[in-house]
Amino acid sequence: MEMTEQIEATVREVGARVRPQIEEAKRRLSTLDDTVTDYIKENPGRCLIGALAVGYLIGKIARKAA
Amino acid sequence: METPNQPNMANGRSEDPVKTMGQRASSVSDSAQQAWDRTRDAVSDLKRAADIDGRVRRNPYGTVAAALGIGYVLGGGIFTPLTGRIVGLGLRLGIRLALLPMMKDQISELADSLGGEIETNKGRRSGGKAAKTSER
C-alpha cells in the first residue's frame with residue numbers, strides 16, 4: 001500500500017516537473033506550424049516548385065542507390 | 001560611286017549591317033517577349049484550372065506533399081526499394097489502424113458476454129444458497 005502511494009507521489013511529482021516543458025514544446029510547435037503554413041500560403045509557387053525539385057532529387061538518389 | 005554610308009544595293013537588298021543587326025535584335029526581343037507572355041498566360045491558366053492557390057490555402061501541407069510525390073515519381077524513384085519500404089510501412093500502418101477498432105469491438109463484446117456469464121453464475125450460486133438456507 002505504502003509502495004503504491006510512493007509510486008503515485010513520484011509519478012505526480014515527475015508530471016508536475018515535466019508539464020511546463022511539454023506545454024512550452026506544444027506552444028513552440030504550434031508557432032512553428034503557423035509560421036510554416038503562413039509561408040506556404042504566401043509563396044505557393046515557390047514552395048510547390050521547391051517540393052517538386054526536392055522530390056525529384058530524392059527520386060534520383062533512390063534510383064541511383066537501387 | 002558608292003559612299004561608305006550608303007547601303008549596298010548590288011543584289012537588290014538593303015545590307016546596312018547596323019540596321020540589320022538592330023532589326024534582328026528587335027525581332028528576337030519581340031519573339032522572346034511573346035514567348036514569355038504565352039508562358040505566363042499558360043501558367044496562370046493552369047493555376048486557375050487546377051485551383052492551385054485555393055488548394056494550397058485549404059491544405060498547405062497536403063499540396064506540398066503531393067508536389068514532393070510528383071517530383072519523386074518524375075525523378076524515377078517509383079520502382080526502387082525505398083518505395084517498397086514506404087508502401088510496406090503505409091500498408092502495415094493502415095492495416096493496424098483498420099484492425100484496431102474491429103479488435104476493440106470484438107474484445108468489448110467478449111468482455112460483455114463474459115461479464116454476463118459471471119453474473120448468471122453468481123445468480124445461480126446465490127439462488128442455490130438461498131434455496132439451501134430455506135430448506136434448513
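The sequence lines fix the lettering, A, B, ..., with proteins before strands; numbering per chain opens at 1.
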Shortest non-hydrogen contact from [X] to [Y]?
X	Y	result
A:K41	B:R57	CE-O, 3.2 Å
A:C47	B:V64	CB-CG2, 4.4 Å
B:T80	A:A62	CG2-O, 3.7 Å

Are [Y] and [X] connected in a single hydrophobic cluster, I mean Ile/Leu/Val/Met/Phe/Trp/Tyr linked by side-chain heavy atoms less than 4.5 Å apart?
X	Y	result
A:V14	A:I22	yes
B:L68	B:L82	yes
B:V73	B:V87	no
B:I70	A:Y56	yes
B:I52	B:Y61	yes

Residue B:I78 versus chain A: region with a heavy atom under 4.5 Å = neither

With only heavy atoms counted, which part of B:L74 is less than 4.5 Å from chain A, the side chain, the backbone, both or neither?
-> both

Residue from B:P81, B:G71, B:G77 scoring the most non-hydrogen pairs under 4.5 Å with chain A is B:G71

Looking at B:G76, B:G69, B:G75, which one has more heavy-atom pairs under 4.5 Å with chain A than the rest?
-> B:G75

Is it the backbone or the side chain of A:D33 that comes under 4.5 Å from a heavy atom of chain B, or both, or neither?
-> both

Contact leader toward chain B among A:P44, A:G45, A:G50, where contacts are heavy-atom pairs under 4.5 Å = A:P44

Please determine, among A:L57, A:I61, A:L48, the option with the most heavy-atom pairs under 4.5 Å with chain B.
-> A:L48

Is it the case that more than 12 heavy atoms not belonging to A:R28 sit under 6.0 Å from its CZ atom?
-> no

